[in-house]
Amino acid sequence: MNYLRFAISIFIISLSTSCINSDVVIQNKNLDRATKTLDAIYSHYTVDNDVLLLRENYPYDEKWSRPYSFLWTYSGSIPALIALYESSKDTRYLDDPEGKILPGLDLYYDTTRLPNVYSSYLNSEPQSDRFFDDNLRLGMDFVDLYTLTQKPNYLDKAKAIWQFVETGVDSSQGKSVYWF
């Protein structure tokens, strides 16, 4: 399991625990841990760049690792920020997607194929796959962001993703989408 996915998983589990527990002291302790975990992810996995991009491994070894994370790993920051906001009601976590995550996410947005949607890897690299599950998860994140902020650009992104997902509907099994 790559380290960034592991760290984000621990982060979300830690945050989930704080949401379930009614003890304010434990809740604040877990919220503090979750915040420190996200800060550590940004500190250790960020690629030195004008736009926030992440690596998948720490320490980074160019011999064995790609220079940037795949979409699935990178976009995992969005539900982390949503969970932090929902636990703390601190609106800075709703500002972070706009200022930190979305500019980097735009570098995964594939405008060379229709419908336009997010590719599994950066567009500056050779063309990569576009996965339904990665985009569906991201679409749900955009719906959550829209619900919390009422910013129409989030709903527009979710609708664009849905147009892509509809291209994968297969009626032979009762209108389903393959998991790839």
Side-chain angles (χ1 to χ4, degrees), residues 1-9 11-12 37-62 64-85 92-149 151-169 177-180:
M1 176 180 244
N2 87 37
Y3 294 112
L4 183 56
R5 285 187 191 148
F6 177 74
I8 289 174
S9 298
F11 168 75
I12 291 172
T37 301
L38 187 61
D39 290 344
I41 289 169
Y42 287 152
S43 172
H44 295 296
Y45 292 89
T46 297
V47 177
D48 293 329
N49 215 329
D50 293 333
V51 176
L52 175 71
L53 290 172
L54 302 173
R55 298 193 194 280
E56 291 205 359
N57 299 308
Y58 180 82
Y60 175 69
D61 180 350
E62 65 184 45
W64 303 106
S65 303
R66 290 180 176 256
Y68 306 104
S69 66
F70 284 95
L71 172 68
W72 185 91
T73 308
Y74 182 79
S75 65
S77 299
I78 296 174
L81 293 167
I82 291 169
L84 278 168
Y85 168 74
R92 72 184 161 115
Y93 295 116
L94 294 181
D95 295 335
D96 275 2
E98 296 268 338
K100 286 185 179 177
I101 306 302
L102 294 185
L105 198 57
D106 287 344
L107 299 177
Y108 293 84
Y109 199 72
D110 180 3
T111 58
T112 64
R113 296 174 278 182
L114 294 176
N116 301 146
V117 75
Y118 295 91
S119 292
S120 61
Y121 204 66
L122 296 176
N123 290 323
S124 59
E125 301 294 318
Q127 192 175 65
S128 61
D129 294 322
R130 302 178 324 158
F131 294 108
F132 294 118
D133 57 329
D134 293 2
N135 278 282
L136 274 170
R137 192 180 65 117
L138 195 51
M140 290 186 293
D141 294 338
F142 284 132
V143 169
D144 287 343
L145 285 170
Y146 173 74
T147 301
L148 294 170
T149 67
K151 291 182 178 180
N153 63 313
Y154 293 134
L155 187 56
D156 293 342
K157 290 177 184 295
K159 287 177 180 178
I161 288 170
W162 188 249
Q163 287 179 341
F164 168 68
V165 171
E166 285 181 320
T167 67
V169 173
V177 175
Y178 292 103
W179 195 260
F180 61 89

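Computed over heavy atoms, backbone and side chain alike; hydrogens, waters and symmetry mates excluded.
Taking OH from Y108 and CG from L53, the interatomic distance works out to 5.5 Å, rounded to the nearest 0.5 Å. Interatomic distance, CD1 of I78 versus NZ of K100, reported as 13.0 Å (0.5 Å rounding). Taken from CG in L54 to OH in Y45, the straight-line distance is 10.0 Å, to the nearest 0.5 Å. In this structure, S75 OG and N135 CG are separated by 8.5 Å, a value rounded to the nearest 0.5 Å. Here the straight-line distance linking atom CG of L148 with atom OH of Y93 works out to 14.5 Å at 0.5 Å rounding.
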*Verdict with supporting geometry, S120 and R130, side-chain hydrogen bond (donor to acceptor under 3.5 Å, both in side chains)*: CA-CA 6 Å; S120 61; R130 302 178 324 158; over 6 Å; no
*So V117 and V165, side chain to side chain contact (heavy atoms under 4.5 Å, CB included) or not? Walk me through it.*
CA-CA 9 Å; V117 75; V165 171; over 6 Å; no
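Using cut-offs of 30° and 60° for the angle between ring planes, the H44 and Y58 rings count as tilted.
Counting only heavy atoms from C-beta outward, the side chains of E125 and L122 approach each other to under 4.5 Å. For the pair Y118 and D134, the minimum side-chain heavy-atom distance is 4.5 Å or more. The shortest distance between side-chain heavy atoms of T46 and I41 does not fall below 4.5 Å. Side-chain atoms of D129 and S119, non-hydrogen and from C-beta on, never get closer than 4.5 Å to each other.
Salt bridge annotation for R113-D110: present, with a cationic side-chain nitrogen under 4.0 angstrom from a carboxylate oxygen.
Of the possible polar contacts, none joining the S43 side chain to the D39 backbone as a donor-acceptor pair under 3.5 Å is found. Although no hydrogens or angles enter the test, the distance criterion places a donor-acceptor pair under 3.5 Å between the side chain of T149 and the main chain of L145. Judged by distance alone, with hydrogens and angles left aside, the side-chain atoms of N123 form a donor-acceptor pair with the main-chain N or O of Y109 at under 3.5 Å. A donor-acceptor pair under 3.5 Å is formed between the side chain of Y74 and the backbone N or O of I101.
Side-chain N/O atoms of R55 and S65 include no donor and acceptor closer than 3.5 Å.
Cation-pi check for R66 over Y121 is met; the charged atom lies under 6.0 angstrom from the ring centroid and within 45 degrees of its normal.
Here F164 and F132 bring their ring centres to under 6.0 angstrom of each other.
Considering all non-hydrogen atoms of both residues, D141 and I82 come closest at O-CD1, 3.8 Å.
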